[in-house]
Amino acid sequence: MTLLVDFGGRHRIISYSVVLVHLSEEAVWKMPLFKRKPFDLAKPPEDLEPSDLVYQVRFTKEIFRDYQEYLNRINLYRQRVWMCKSTGKSNLTYEEAMVMEKNAIQKVQQLPNDLVAPALRIIQFSMLSLRDLADLVTKKLQKDLFVGAELYGKKDDGLYPCRVLKIVENGVGKMQYEVALLGENKKITENAILHGEDLVWKKTPFNRKILKSFIRESTCRSIPWVLHEKLAQKHGISTDLPEELRSKFFLQGGQLVNRTKKRKNENRNNVGEANGESGKSKRNKGETGKPDASKEENNQPEDEPVKYPIDDLLVKPGPDDPLFTDRPSPSRDFNVPMDCIGDLLMVWDFCSSFSRVLNLWPFSLEDFENAICHKDSNLVLIVETHSALLRILIKDDGEYSLALQNKKRKSKISLITWTEYVCDFLEMINVTELCSCMTTIKRGHYGLLDANAKLGILRELVCHALETDLIRGKLDDLIEQRRALGATVRGEALEYARKKREEKEQLKGESNGLEVKENSMESTGSNPHMAENGEENGDMVEEVISSRQSNAFVNRKQLNGQSKRGEKQKLDPKVEAENITNSNEKEAQKQLTGEKKEDQEKKSKEKREQRKEYFKREMEKRSIRTNPLGKDRDYNRYWWFRRDGRIFVESSDSKQWGYYCAKEEVDALMSSLNPKGERERALQQQLEKFYPRISLELQKRSKDLAQKIALEEAVLRRSTRVRAPPRENPANAFLKYVNKWKED
């Protein structure tokens with residue numbers, strides 16, 4: 001039987017017998033969770049014939065006869081809806097979660113066997129959260145020393161590495177330990193009996209992350225945490241529920257059940273059964289109606305339109321697609337071998353990011369690459385880079401510092417002795433490939449090493465430097481500063497929103513007040529002289545009240561009213577002129593206030609934009625790590641380093657590297673990305689986000705490159721009699737490097 005197997009989107013047909021061998025040999029790991037719930041794999045089809053063509057998923061070994069079912073399952077596995085149970089990390093693809101699960105289980109298995117049973121006793125039926133439980137287990141296990149534990153012992157006012165050989169009880173209640181003091185290459189120098197307080201862990205064999213994975217793997221339920229039954233029986237741990245939990249929980253069929261939740265579910269089910277009868281009657285009525293003609297004609301469901309973005313490998317060209325340009329091929333003219341580019345970028349980025357902590361003056365990537373390829377054994381740039389990393393390890397008072405103390409070396413590294421410190425470091429890490437370079441280094445021929453060896457040494461130095469307290473403290477400071485900046489940004493945004501809300505409410509209140517005033521003026525101002533002429537108002541009231549009085553009295557009052565109204569009408573033109581001038585002045589004031597408000601709003605908007613840019617720059621200064629911009633259709637990763645400007649392209653297998661160094665190449669790259677695919681859509685968004693800065697850096701780089709070429713041509717045009725020294729050539733700028741931040 002033959003199978004079509006998925007290899008990252010590329011399908012290959014392989015022998016069915018080969019798959020059976022792999023299935024029998026491969027270890028079974030815990031499956032990832034689908035939306036935080038267990039997911040069952042598809043069962044293999046029955047009655048398979050040797051001539052059948054079937055499709056197999058590479059990482060789950062599932063077999064499908066139907067190609068559409070196979071594609072649907074592959075598409076599901078590529079969605080970021082999976083979760084690793086051991087680490088609790090979500091938003092993963094199935095394969096990423098499975099690899100993380102495998103690595104986590106391997107780390108959990110590194111926990112010493114003597115600590116497993118005590119840890120499980122603490123975990124069983126604990127009501128603490130995962131973090132608090134991991135902290136409690138860590139605190140208690142640090143006091144439990146076991147045979148074979150390697151730690152440090154205090155003796156004769158010194159701290160020496162040792163190994164526990166035997167646990168001795170002195171009968172008083174205090175434990176004593178017979179330990180073997182270790183020398184170079186972990187050779188036993190002498191035996192001694194020490195108290196528990198004289199033994200300290202320099203580095204515990206476990207950490208909180210491993211313990212969290214251990215807790216998740218060993219339990220079938222959380223809060224209270226319940227161990228797997230077989231695991232509890234193996235280590236002799238009771239599975240009986242404690243007295244304090246029996247009022248809230250009970251065991252049913254080997255499972256722990258919450259009493260209150262079960263009661264709520266029963267009540268909900270009773271309500272659902274009561275409502276179910278009415279629902280059934282409604283459905284029966286609906287079934288008696290005429291079926292839809294379209295469904296009757298076509299039994300198959302209608303094809304739903306594709307919702308983009310989808311997986312890039314499933315995207316097909318459509319009639320509404322824009323015209324995509326051809327993707328430009330990246331440049332590959334590196335000086336170092338292709339398999340060293342990753343280490344080159346990693347070491348350079350670390351030294352550039354932590355230059356202040358390392359007291360190392362920053363240098364360009366080209367200078368670092370040229371220095372690595374140079375054959376000079378005491379090149380200043382290389383010497384200062386090694387010395388800065390070694391000083392960090394010495395200040396940490398760790399394993400390397402102890403090794404130097406045993407050899408009685410001075411803490412000051414010089415241009416003459418730096419290779420000795422490098423050899424001491426290689427002896428400590430004991431990596432076979434790098435230890436073979438020690439003889440060449442000791443002879444003073446470091447420059448003759450190949451680029452792989454040089455970058456391998458620097459890579460190991462960077463990895464050990466990342467574990468030092470100094471670098472970790474700097475990272476913690478950067479994280480706290482980023483959090484403080486984020487809190488400030490959110491606070492300013494909330495304050496601005498509050499002010500805008502208050503202004504709207506104030507304007508709304510003013511508009512309501514004006515409407516009330518206008519309405520009152522309209523009600524009393526139908527006769528404009530009534531408010532001004534108090535006597536007339538009184539006369540009118542009297543006229544109404546004394547309507548039964550004599551006609552002579554009424555006529556006299558009417559004549560008085562008419563004469564007074566005549567006088568008022570004579571004053572009307574002056575009042576109207578004053579009202580017109582007042583209204584014009586008010587309109588002019590309104591225009592001025594409106595213009596002032598617009599200017600103030602523009603200024604405040606500019607200030608907000610400036611503040612946003614300021615916070616953005618400050619956040620970038622405190623960047624903790626460099627992440628890729630994204631991936632393209634073929635899973636190639638794209639990297640952009642702020643201090644270099646170029647966009648580097650890493651192949652999916654990390655074996656090939658290239659770079660784009662011109663703005664036109666970046667434009668062509670962006671025009672070639674299809675936003676219908678998930679990966680290329682995300683990559684396009686990141687490129688658009690950083691496009692102004694990338695363009696600026698690339699244009700600046702192009703100008704600098706043009707100046708360098710002009711200088712090189714000027715050097716070549718000089719006469720041989722007045723030939724310029726080689727250090728004047730811009731290509732040899734790395735030879736002039738000086739560490740301006742060097743420690744005295």
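FYI, side chains are in, hydrogens and waters are out, and symmetry mates aren't considered; it's all heavy atoms of this structure. Numbering of residues begins at 1 and proceeds along the displayed sequence.
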May I ask you to test the Cys351-Thr385 pair for a side-chain heavy-atom distance under 4.5 Å? yes
pair Lys410-Tyr421: side-chain heavy atoms closer than 4.5 Å: yes
Please determine if Lys700 and Glu697 form a salt bridge, counting it only when a charged side-chain N lies under 4.0 Å from a carboxylate O. no
Counting only heavy atoms not in Glu688 (residues, nucleotides, ligands), do more than 12 fall under 6.0 Å from its CD? yes
Taking the side chain as everything from C-beta on, heavy atoms only, tell me whether Arg701 gets closer than 4.5 Å to Asp644. yes
Whether over 12 other heavy atoms sit under 6.0 Å from Lys375 NZ: yes
Roughly how far, to the nearest 0.5 Å, is CE of Met619 from CD of Gln481? 10.5 Å
Short side-chain to backbone donor-acceptor contact, Asp198 and Gly153, under 3.5 Å: no
Are the side chain of Tyr660 and the backbone N or O of Pro328 linked by a donor-acceptor pair below 3.5 Å? yes
Value for CG (Leu470) from CG (Leu475), rounded to nearest 0.5 Å, stands at 10.0 Å
Thr189 side chain to Leu181 main-chain N or O, any donor-acceptor pair under 3.5 Å? yes
Any donor-acceptor pair under 3.5 Å linking the side chain of Arg679 with the backbone of Asp632? yes
Does Tyr737 reach the main-chain N or O of Trp361 with its side chain, forming a donor-acceptor pair under 3.5 Å? yes
Give a yes or no answer on whether the side chain of Thr488 reaches the backbone of Ala484 with a donor-acceptor pair at less than 3.5 Å. yes
Does CZ belonging to Arg693 count more than 12 external heavy atoms closer than 6.0 Å? yes
How far apart are the closest heavy atoms of Arg643 and Ser352, and which atoms are they? CD-CB, 3.4 Å
Closest non-hydrogen atom pair between Ala388 and Leu358, with its separation: CB-O, 3.5 Å
Hey, mind stepping through Arg216 and Leu130 against side chain to side chain contact (heavy atoms under 4.5 Å, CB included) and telling me if it holds? CA-CA 9 Å; Arg216 288 193 185 99; Leu130 181 61; 3.1 Å; yes
Output, in order, the C-alpha distance, side-chain angles, deciding distance and verdict of salt bridge (Lys or Arg N to Asp or Glu O under 4.0 Å) for Lys89 and Glu96. CA-CA 10 Å; Lys89 190 171 182 181; Glu96 289 172 350; over 6 Å; no
Provide the closest heavy-atom pair for Pro161 versus Tyr152 in the form atom of the first, atom of the second, distance. N-CD2, 3.6 Å
Under 30°, 30 to 60°, or over 60°: which ring-plane class applies to Phe648 and Tyr659, parallel, tilted or perpendicular? tilted
Go through it in stages, so that I can follow the logic: the residues are Val649 and Arg637, the test is side chain to side chain contact (heavy atoms under 4.5 Å, CB included), and I'd like the CA-CA distance, side-chain angles, deciding distance and then a yes or no. CA-CA 6 Å; Val649 187; Arg637 287 176 286 273; over 6 Å; no
Check whether any side-chain N or O of Ser377 sits under 3.5 Å from a backbone N or O of Gly444 as a donor-acceptor pair, and report yes or no. yes
Donor-acceptor contact below 3.5 Å, side chain Thr468 vs main chain Ala465: yes
Any non-hydrogen side-chain atom of Leu735 less than 4.5 Å from a side-chain atom of Leu379? yes
Smallest heavy-atom separation, Gly658 atom then Arg332 atom, equals N-NH1, 3.8 Å
For the pair Trp640 and Phe690, name the ring-plane relationship: parallel under 30°, tilted 30 to 60°, perpendicular over 60°. tilted
Which atoms form the tightest heavy-atom contact between Leu415 and Asn378, and what is the distance? O-OD1, 3.8 Å
Atom CD of Glu427: over 12 foreign heavy atoms under 6.0 Å: yes
Please check if atom NZ in Lys655 has more than 12 non-hydrogen atoms from other residues, nucleotides or ligands closer than 6.0 Å. no
Side chain proximity check, Leu211 to Leu133, heavy atoms < 4.5 angstrom: no
Check whether any side-chain heavy atom of Leu151 sits under 4.5 Å from a side-chain heavy atom of Val200, and report yes or no. no
Do any N or O atoms from the side chain of Arg622 and from the backbone of Ile479 form a donor-acceptor pair under 3.5 angstrom? no
Rounded to the nearest 0.5 Å, what separates atom CD in Glu665 from atom CZ in Arg646? 11.5 Å
Hey, what do you get for NE2 (His464) to OH (Tyr400), rounding to the nearest 0.5 Å? 11.0 Å
Going through the distances and angles, do Glu190 and Lys155 end up as a salt bridge (Lys or Arg N to Asp or Glu O under 4.0 Å)? CA-CA 12 Å; Glu190 59 175 308; Lys155 186 183 178 185; 2.9 Å; yes
Checking the side chain of Glu369 only, and the main-chain atoms of Asn335 only, is there a donor and an acceptor separated by less than 3.5 Å? yes
Steps toward side chain to side chain contact (heavy atoms under 4.5 Å, CB included) verdict (Leu393, Leu461): CA-CA 9 Å; Leu393 298 181; Leu461 281 169; 3.9 Å; yes
CG-NZ distance between Leu344 and Lys454, expressed to the nearest 0.5 angstrom: 12.0 Å
Is the closest basic N to carboxylate O distance between Glu620 and Lys616 below 4.0 Å? no
Atom pair CZ/CG of Phe368 and Leu345 - distance to nearest 0.5 Å: 9.5 Å
Gly645 and Leu698: which non-hydrogen atoms are nearest, and at how many Å? O-CD2, 3.3 Å
Measure the acute angle between the ring planes of Trp639 and Phe641, then classify it against the limits of 30° and 60° as parallel, tilted or perpendicular. parallel
Between Phe214 and Val116, is the side chain to side chain contact (heavy atoms under 4.5 Å, CB included) condition met? List the steps. CA-CA 9 Å; Phe214 175 75; Val116 171; 4.1 Å; yes
